[in-house]
Amino acid sequence: MARKKLIAGNWKMNGLTADGLALAKGIAAEVKALGKPQCEFLVCPPFTLLSAVKKSLRGAKVALGAQDCHYDSKGAHTGDVSPLMLTDIGCSYVILGHSERRADHGESNELICKKAISAHQAGLKTVICIGETLEERDSGQTIDVCSKQILGSVPESATAANTVIAYEPVWAIGTGKTPTAQDVEDVHAAVRKVLSKKLGKGNANKMRILYGGSVKPSNAREFLSLPDVDGALIGGASLKVEDFMAIAKNSGC
Ligand code: 13P
């Protein structure tokens with residue numbers, strides 16, 4: 001089953017108007033120059049730049065995503081943004097359960113699952129993040145932790161069409177450290193097995209599982225050529241047009 005690779009940039013809390021729009025325009029121009037790219041592209045700027053980035057991406061095959069959303073469609077939730085607000089301004093994706101949100105905001109699997117259901121109802125595709133800490137890895141719990149996160153945070157409403165999984169070992173994020181290619185493939189294959197039990201073989205075989213954690217132009221080929229790796233969720237290197245596009249090109253896009 002051929003799964004189209006997804007090259008996704010998570011800008012995190014980076015980007016003021018001028019540099020954010022320059023980045024978006026640069027990516028849009030490069031993706032247009034690819035003609036018919038073999039991959040899908042996604043950028044996830046901070047909330048403050050979503051509308052403006054949408055305009056800068058006009059005419060380019062680059063989807064727009066947010067980095068989080070609330071589970072309610074509206075109401076008394078000061079500081080939050082609803083899935084409907086995101087579709088309203090042209091987002092088609094939302095990242096949920098990133099380890100930084102799990103850590104900084106105490107997000108649980110249950111909460112992430114609730115957000116995902118609501119995002120799907122609003123017509124958003126979700127990128128649901130999982131990944132183990134260094135402690136968990138060192139005590140041999142990687143697959144167990146990731147399986148539990150999948151079972152708890154991926155809702156029954158998830159299908160290959162509305163959900164992407166991102167495996168991001170917490171200790172590999174922003175550190176320059178990465179697991180071996182074999183480790184990554186082992187986790188992705190195990191995750192697909194859990195997805196198969198939960199959502200059926202058809203969905204599991206079609207669902208994309210991205211790798212994230214210090215993806216760079218120099219290691220993209222190694223990770224993205226693995227059988228169960230269907231793209232990348234890129235942090236730091238997604239903030240430079242050159243690096244983001246080099247990752248895409250090295251991944252066969
Ligand atoms: P880095 O690519 O900076 O390691 O970040 C990965 C990440 O957290 C993407 O969501």
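None of the values given here were measured: they were computed from a predicted structure. All ligand and atom numbering here is 1-based and tracks the order in the structure.
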*Starting from atom 7 (C) of ligand 1, find the nearest protein heavy-atom neighbour and note its residue, name and distance.*
Glu168 OE2, 3.2 Å

*Please verify whether a non-hydrogen atom of Gly174 lies at under 4.0 Å from ligand 1.*
yes

_Just to be sure I read this right, does ligand 1 sit under 4.0 Å from the backbone of Ser238, its side chain, both, or neither, counting only heavy atoms?_
neither

*Counting distance only, does the side-chain N/O of Arg192 pair as donor-acceptor with the main-chain N or O of Met207 below 3.5 Å?*
yes

*Is there a donor in the side chain of Ser139 and an acceptor in the side chain of Gln141, or the other way round, less than 3.5 Å apart?*
yes

*Could you tell me whether Asn10 approaches ligand 1 through its side chain, its backbone, both or neither, with non-hydrogen atoms closer than 4.0 Å?*
side chain

*contact_flag Cys129 ligand 1 heavy-atom lt 4.0 Å*: no

*His120: partners by ring-ring contact (aromatic ring centres under 6.0 Å, His included), with sequence neighbours left out*: none

*Can you sort out which atoms of ligand 1 are near Leu233, meaning under 4.0 Å from one of its heavy atoms?*
9 (C), 10 (O)

*Using distance alone, decide if ligand 1 has a nitrogen or oxygen within less than 3.5 Å of any nitrogen or oxygen in Gly236.*
yes

*Just by modelled atom types, is the Leu224 backbone N or O under 3.5 Å from a matching donor or acceptor in the Lys5 side chain?*
yes

*Should you measure from each heavy atom of Ala172, which atoms of ligand 1 turn up under 4.0 Å away?*
4 (O)

*asked:* Is it the case that the side chain of Asp144 and the backbone of Glu136 share a donor-acceptor pair, with hydrogens and angles ignored and the cut-off at 3.5 Å?
replied: no

*In ligand 1, which numbered atoms sit nearer than 4.0 Å to a non-hydrogen atom of Gly213?*
4 (O), 6 (C)

*Partners passing ring-ring contact (aromatic ring centres under 6.0 Å, His included) against Phe244 (at least two apart in sequence or in another chain)*: none

*Polar-atom distance check: Glu100 versus ligand 1, any N or O pair below 3.5 Å?*
no

*Return the residue, atom name and 0.1 Å-rounded distance of the protein heavy atom closest to atom 2 (O) of ligand 1.*
Gly235 N, 2.9 Å

*Return yes if some donor-acceptor pair links the side-chain N/O of Thr159 with the main-chain N/O of Ala161 below 3.5 Å, else return no.*
yes

_Contact check, Lys12 vs ligand 1, heavy-atom distance below 4.0 Å_ = yes

_I'd like to know if Gly212 contacts ligand 1, where contact means a heavy-atom distance under 4.0 Å to any ligand atom._
no

_Under a 3.5 Å distance rule, please check whether Glu132 uses its side chain to pair with a backbone N or O of Cys146 as donor and acceptor._
no

*Would you check if the side chain of Asn203 reaches a backbone N or O of Leu199 as a donor-acceptor pair within less than 3.5 Å?*
yes

